[in-house]
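Have a look at the structure below before the remarks.
We count residues from 1, following the sequence as given.
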Amino acid sequence: MQKIDIEMIPGGATPPPIRVGEATIAEAAIAEEMQYHPADSAGTAQLKAARALVVRELLRQRAAALGVAEAAGEAFDEADAAIAELLERELEVPEPAEEDCRRFHAAHPERFSEPTRLRVRHVLLAAAPDDAPARDAGYRLGEKLVRELQEVPERFTEFAQRHSACPSKDQGGDLGWLAPGQTVAELDRALQHLPEGLHDRPLASRYGWHVITIDQRVEGRELPYEQVAEHVRHSLREQATRRALRHYLLALEAEIGVEGISLDDDSASALMQ
């Protein structure tokens, strides 16, 4: 039978039943599973949910055949230990060689580096993204505060306590040490390029305007292989596990038989999560 991608079914058409061996994946089960697979469209979420259930059923049937778990679906689904035992027994994941680890480290230095860290203080002048008057007023106040701080930088704590809408105002606006990814994306990107000292204009975010001072900046650096060897080894081992799991699932798909849908590379990733 030709396997059909759920997202390709014309609107209003009834999708073909999804079967794994002699078992049918119920539409109600797919609908319930969708909540665990957020996506940019209902069709994509439905497809991911259906594939996840197919993977689960493939493993359930294989575990039952090997006597690892009972054939009852819910009993197996709830037994993570049974899945782990099955995969430990069936998957063959080679241990990465030392030369492969060193080569991977050399090819991806950015993955094994210390990030740039910043000691940041700010005054948040709150304004919603769609409130143009508040945004304008906040920016003008931010400019005024920057000018005054350029003259008397010691007033930063006072301004934070008087004007900031952030809980950090109780600490004089101190956000502590920030690494990439620890604040909202738009502010995070801007901070990475700022030198130490008071920034000469307010910075925008979804929350409003930020008067920013960088008290300390510690640049990131590449870490030597010896310092991150275990991290490198773990990354390669995870890649190998994903490949082995993908091949294993595709072999089960061919052996047991799946109708109405086909697996893809994401099927292994979803199981590993």
Side-chain angles (χ1 to χ4, degrees), residues 1 3-6 16-39 44-105 108 111-112 228-273:
M1 174 181 289
K3 295 177 181 177
I4 302 174
D5 193 321
I6 290 178
I18 296 175
R19 297 182 61 81
V20 180
E22 298 300 318
T24 299
I25 305 296
E27 292 182 23
I30 296 174
E32 183 176 350
E33 178 73 16
M34 284 173 64
Q35 64 184 304
Y36 305 113
H37 303 274
T44 301
Q46 184 184 28
L47 181 60
K48 289 182 176 181
R51 281 176 171 152
L53 292 176
V54 166
V55 167
R56 202 171 303 164
E57 179 61 22
L58 285 170
L59 294 173
R60 185 196 71 80
Q61 292 189 26
R62 178 60 175 170
L66 295 178
V68 174
E70 296 297 328
E74 291 185 0
F76 180 74
D77 291 343
E78 295 173 359
D80 291 341
I83 295 178
E85 181 182 344
L86 173 68
L87 296 180
E88 184 176 354
R89 181 188 300 189
E90 296 275 275
L91 283 189
E92 295 183 6
V93 181
E95 189 67 18
E98 178 70 12
E99 57 269 26
D100 293 332
C101 291
R102 290 184 177 276
R103 191 179 305 114
F104 188 75
H105 172 261
H108 304 281
R111 294 184 58 172
F112 308 103
V228 294
E230 188 52 40
H231 185 192
V232 175
R233 190 172 302 278
H234 175 78
S235 297
L236 284 181
R237 191 183 297 118
E238 185 177 73
Q239 287 185 6
T241 300
R242 289 179 185 275
R243 287 193 298 269
L245 185 55
R246 176 178 179 272
H247 294 152
Y248 177 66
L249 291 173
L250 291 176
L252 287 183
E253 180 185 24
E255 178 183 344
I256 295 174
V258 176
E259 299 179 0
I261 195 172
S262 60
L263 300 182
D264 68 352
D265 290 345
D266 289 337
S267 302
S269 299
L271 183 59
M272 290 187 68
Q273 292 171 359

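Residues passing the side chain to side chain contact (heavy atoms under 4.5 Å, CB included) test with H108 are F104, E110, R111, F112, sequence neighbours excluded. Considering only residues two or more places apart in sequence or on other chains, E99 meets the side chain to side chain contact (heavy atoms under 4.5 Å, CB included) condition with A97, R103. For A26, the side chain to side chain contact (heavy atoms under 4.5 Å, CB included) criterion is met by A29, not counting sequence neighbours.
With a 6.0 Å radius and a threshold of 12 heavy atoms from other residues, nucleotides or ligands, E92 has its CD atom at or below the threshold. With a 6.0 Å radius and a threshold of 12 heavy atoms from other residues, nucleotides or ligands, E22 has its CD atom at or below the threshold. Residue-environment remark: CD (E32) stays at or below the threshold of 12 foreign heavy atoms within 6.0 Å.
No side-chain donor-acceptor contact under 3.5 Å links R233 to the backbone of C101. Looking only at distances, a side-chain donor or acceptor of R51 sits under 3.5 Å from a matching main-chain atom of S262. Distance alone, capped at 3.5 Å, is enough to place a donor-acceptor pair between the Q61 side chain and the V20 backbone.
Interatomic distance, CG of L53 versus CE of M34, reported as 11.5 Å (0.5 Å rounding). Atom CD of residue E259 and atom CD of residue E253 lie 11.0 Å apart, to the nearest 0.5 angstrom.
In this structure, I30 and I18 have side chains that are in contact, with non-hydrogen atoms separated by less than 4.5 Å. Residues R242 and R246 form no side-chain contact, since every pair of their non-hydrogen atoms from C-beta on lies 4.5 Å or further apart. Side-chain contact check for L58 versus L263: some heavy-atom pair is nearer than 4.5 Å. A heavy-atom distance below 4.5 Å is found between the side chains of H231 and S235. In this structure, the side chains of L252 and L59 come closer than 4.5 Å at one or more pairs of heavy atoms.
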Working note: V93 + L245, criterion side chain to side chain contact (heavy atoms under 4.5 Å, CB included); need CA distance, chi angles, decisive distance, verdict.
CA-CA 9 Å; V93 181; L245 185 55; over 6 Å; no
Test side chain to side chain contact (heavy atoms under 4.5 Å, CB included) on E238 and T241; report intermediate values, then the result.
CA-CA 5 Å; E238 185 177 73; T241 300; 5.5 Å; no
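Taking both residues in full, the closest heavy atoms of A23 and E57 are given as CB-OE2, 3.4 Å, listed atom of the first, atom of the second, then distance. Across all non-hydrogen atoms, the minimal contact from H37 to A49 is CD2-CA, 3.7 Å.
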